[in-house]
Amino acid sequence: MNEKYLQPYNAENVEDAISKIWEESGFYNPDEMIKAGLTDPNAEAFSIVLPPPNVTGTLHTGHASMLAIQDIMVRYHRMLGKRTLWLPGTDHAAIATQSKVEKLLQKEKIRKHDLGRKAFLERVNTFAQDSHDTIVSQCKKMGASLDWSREAFTLDKEREHAVYTAFTQMYNDGLIYQKERIVNWDPKGQTTISDDEVVRENRKGTMYTFKYSHDFPFPIATTRPETKLGDTAVAVHPEDKRYQEYIGNEYSFNFAGEDVTVKIVADEHVDPEFGVGALGVTPAHSVADWDIAQRHNLPLKQVINEYGKMIVGMEGVKDVKVAAAREAVVEWLKSEGLLLVKEDTIQSVGTAERTGAVIEPLPKLQWWIDVNKKFPAKDSKIEDIEKGQMVSLKELMLHVVRNEQIDILPSRFEKTYFNWIENLRDWNISRQIWYGHRIPVWYKGDDIFVGTEAPSGDDWKQDEDTLDTWFSSGLWTFSTLGWPNTESDDFKTYHPTNILETGHDIIFFWVARMILMTTYLLGDIPFETVYLHGLVRDAKGRKMSKSLGNIIDPVDLIGKYGTDALRMALIVGNGPGGDVNLDENKIKAYSKFGNKLWNITRFVLTETESINLDKDFEYSLRDQELIKEQEELFQELTKEMNEFKYYLVSEKLYHYTWDTFASEILEESKTIFENGSTEEIHSRRQFLLHSLKMIVTMLHPFMPFITEEIWKDLKNNDDRDILMTVSWPTL
RNA sequence: GGGCGAUUAGCUCAGUUGGCUAGAGCAACCCGUUUACACCGGGUAGGUCAGGGGUUCGAGUCCCUUAUCGCCCACCA
């Protein structure tokens, strides 16, 4: 027996050595598996794309959990003999990365405009490269069997070509258009953001009820008096008796130094029960008011600029930030005797997901994707949609989930998905930041050119804006497989992918966008199953955050307990959609399990030292009984593997190994070895060896390192050298 | 305002399509080392499965209801 078993299991030494074996084998790459004769070239394909981590820093425990789940899926299918690809990459994460680098520059007292676009982007690229390198090494530490030879980046040349191709097609189909409309403006990030990048927060505010002027017939209420300088109407409910006589009238007056004219309009949107039942309409600075203005053809008047400062008004208001201007306007109302009521209220404030700034709705010229416009469907692999049939993006997105061509797990998220799509508005895809895919539109005078490359000839100027990062992420399942070349081997073999495993927090940002892009561009689905995992929380179930100081670094945990133990702690009891509380004690428990398995191996090897697995003999009655029990369990486990119930399989393997195999069978074996007949002893030795091989094989997707290490001492001549490439037991 | 989820042992949680005396890890208490493993073994204690009602031969599991907590979505000024 190998002397290593005389010492307790040392995860750290073993894991590094095993990683090396796997990487040097090249078997993460399915092509190498085929070359070595380990995978049948005609085998069914199985593919997953890694949700590309943002190059904004290092991986956290959430990533660790994601890697563990996906690696289980991948190793399992590889062992089933499938042509298995797990494709890695990273995401440039436009705004997130740019604002991170801006913060770093701020510490050096450098502003990005002083550097200029080119120098700034060099800084960002350096930062992104560092993050990338850290992420790659962390993925490897987790034992993730990713095919690095196919690694991609959302902002590299190949992906740019895919992005430009997609943009051009959508533009030519009239799905991408440019229009001035009210947008979510982030005054801190100096860019627009899409609706789902706006995080709503309930904050304390003050509701002011006042009259515009002494001549105005009735009061209105608002939480933002400073925007009233931009009012162009007052809306009331059409059936509200109090205001009937005023509908259609126009009133002009001076408000805090600005000449204002408002028209009284009747609109169903107004709730007569709320406040005074009359709403000052500010089309340029409120999304709801913009919609009212559209319905009544009202003029637009911008009073706040991109820096969140007032551009009109009296002294103390003009050129002042909105918060201070609000105070000034309220003071003015008081002094004029126009303020009637001031009361505390809770208001829902939109903030920018990345910068935390309060969103200032502003009218701006932007690029949009029309989700309602009908277009002829591409050559369609979508069930019940024929080629050329007129469909909208929204319809396609709903259709493929409704007809279960795409399955979402857990299924309750399907409802959430439908609800979101049904209320979807056009997608604002242009951003006023530097880091990202530059919009593939060029201008020369009044001419406009949209294409995958700059037009020939001088004086063409490319659009300054970049694309929303999710535009490129939306193409991920096929831009990584060679698209727009649909004839490439990878594309033909691995698309659509089988499973998308990701967090339920990005179902709208990403999952929905991938479905949008793929159904539109390919007339196909991007993946068959969406497996959504929850959040990794701390031991007490709290969200990990910097302010709570409860962030756990997966690398520290691996150093302490080993990757196998961490993986088990993240998997057991963690079903789809559920949050997992990561308790260090749980990891500790599974590191003990590793040692248990180690000692089981020691016992079995000691007792079976001189023998090989014998295929031609009959088990004793007792052993036949044990085999039967075992096979029943293993069949059940295989079924559960196919149902994505990794949380059950891992737990059951743990209990079988410890409570049944070690506590009962090994103990019983001691008696047999002492008192049994020759036949009984031989049978039991065979049984132990056989069982341990089965256990180690089935545990491999969960605890890849220790099982691979044990396999070295367990394999026979006719077994494959590397456990990763061994077949999953078929019973 | 709409939707979803949770509530099981001191703590953190499993419990798969309703089916034998409700489980795990950690914590607590007692005992055990001539060895596969003290990173261990054996044992003890601890739960009216949030409350109430219903369906059923049978409910932690299904239905209704109440309470508490949490999450997501939404243009109530």
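This one's a predicted model, so the numbers in the text were calculated from it and none came from an experiment.
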Which nucleotide in [options] has an atom nearest any side-chain atom of [X]:
{"X": "A:D271", "options": "B:A77, B:C73, B:C75", "answer": "B:A77"}
{"X": "A:T223", "options": "B:A77, B:C73, B:G42", "answer": "B:A77"}
{"X": "A:V270", "options": "B:A77, B:C73, B:U16", "answer": "B:A77"}
{"X": "A:F274", "options": "B:A77, B:G25, B:U12", "answer": "B:A77"}
{"X": "A:A589", "options": "B:A24, B:G25, B:C75", "answer": "B:G25"}
{"X": "A:R412", "options": "B:G25, B:C40, B:G5", "answer": "B:G5"}
{"X": "A:K592", "options": "B:G15, B:C39, B:C75", "answer": "B:C39"}

Say we look at [N] and [M]: how far apart would their [atom1] atoms be, to the nearest angstrom?
{"N": "B:U48", "M": "B:A59", "atom1": "C1'", "answer": "15 Å"}
{"N": "B:G53", "M": "B:C69", "atom1": "P", "answer": "24 Å"}
{"N": "B:U8", "M": "B:G47", "atom1": "P", "answer": "14 Å"}
{"N": "B:G19", "M": "B:A77", "atom1": "P", "answer": "49 Å"}
{"N": "B:C31", "M": "B:U17", "atom1": "P", "answer": "44 Å"}
{"N": "B:G43", "M": "B:C4", "atom1": "P", "answer": "46 Å"}
{"N": "B:U66", "M": "B:U7", "atom1": "C1'", "answer": "13 Å"}
{"N": "B:G70", "M": "B:C26", "atom1": "C1'", "answer": "25 Å"}

Take atom [atom1] of [X] and atom [atom2] of [N], then tell me their distance rounded to the nearest Å.
{"X": "A:L570", "N": "B:C13", "atom1": "CG", "atom2": "C1'", "value": "14 Å"}
{"X": "A:I346", "N": "B:A74", "atom1": "CD1", "atom2": "C1'", "value": "17 Å"}
{"X": "A:F644", "N": "B:U16", "atom1": "CZ", "atom2": "C1'", "value": "15 Å"}
{"X": "A:E607", "N": "B:A36", "atom1": "CD", "atom2": "C1'", "value": "9 Å"}
{"X": "A:I600", "N": "B:A36", "atom1": "CD1", "atom2": "P", "value": "13 Å"}
{"X": "A:E360", "N": "B:C75", "atom1": "CD", "atom2": "P", "value": "17 Å"}
{"X": "A:L340", "N": "B:A77", "atom1": "CG", "atom2": "P", "value": "19 Å"}
{"X": "A:L582", "N": "B:C11", "atom1": "CG", "atom2": "P", "value": "20 Å"}

Taking any heavy-atom pair under 4.0 Å as a contact, classify [X]: base, sugar-phosphate, or nothing.
{"X": "A:R425", "result": "base"}
{"X": "A:K639", "result": "nothing"}
{"X": "A:H269", "result": "base"}
{"X": "A:A662", "result": "base"}
{"X": "A:Y590", "result": "nothing"}
{"X": "A:Q7", "result": "nothing"}
{"X": "A:N585", "result": "sugar-phosphate"}
{"X": "A:E640", "result": "base"}
{"X": "A:V604", "result": "nothing"}

Between [X] and [Y], do the side chains contain an N or O donor and an N or O acceptor separated by less than 3.5 Å?
{"X": "A:D267", "Y": "A:H237", "value": "no"}
{"X": "A:Y654", "Y": "A:D659", "value": "no"}
{"X": "A:R684", "Y": "A:S669", "value": "yes"}
{"X": "A:E201", "Y": "A:S348", "value": "no"}
{"X": "A:T192", "Y": "A:N428", "value": "yes"}

Watson-Crick and G-U pairing of RNA chain B, under 3.5 Å, as dot-bracket with | and [ ]: (((((((..((((.....[...)))).(((((.......))))).....(((((..]....))))))))))))....

Take A:D195 and A:P272, find for each the nucleotide of RNA chain B with the closest heavy atom, and name the residue whose nucleotide sits nearer the 5' end. A:D195

Here's a test of your reading of the structure: between A:Y9 and A:Y5, which maps to the more 5' nucleotide of RNA chain B? A:Y5

If I take atom [atom1] from residue [X] and atom [atom2] from residue [Y], how far apart are they, to the nearest 0.5 angstrom?
{"X": "A:E631", "Y": "A:M694", "atom1": "CD", "atom2": "CE", "value": "6.5 Å"}
{"X": "A:D196", "Y": "A:I507", "atom1": "CG", "atom2": "CD1", "value": "12.0 Å"}
{"X": "A:Y531", "Y": "A:E501", "atom1": "OH", "atom2": "CD", "value": "6.5 Å"}

Does [X] place a side-chain N or O at less than 4.0 Å from the phosphate oxygens OP1/OP2 of [N]?
{"X": "A:K596", "N": "B:G41", "answer": "yes"}
{"X": "A:K415", "N": "B:C4", "answer": "yes"}
{"X": "A:W658", "N": "B:G41", "answer": "yes"}

Under the ring pair (Phe, Tyr, Trp, His ring centres under 6.0 Å) rule, what do A:F218 and A:Y246 come out as? Steps first, then yes or no, please. CA-CA 10 Å; A:F218 54 86; A:Y246 307 113; 5.3 Å; yes

Do you know which two heavy atoms are closest between A:G277 and A:D240, and how far apart they sit? O-OD2, 4.3 Å

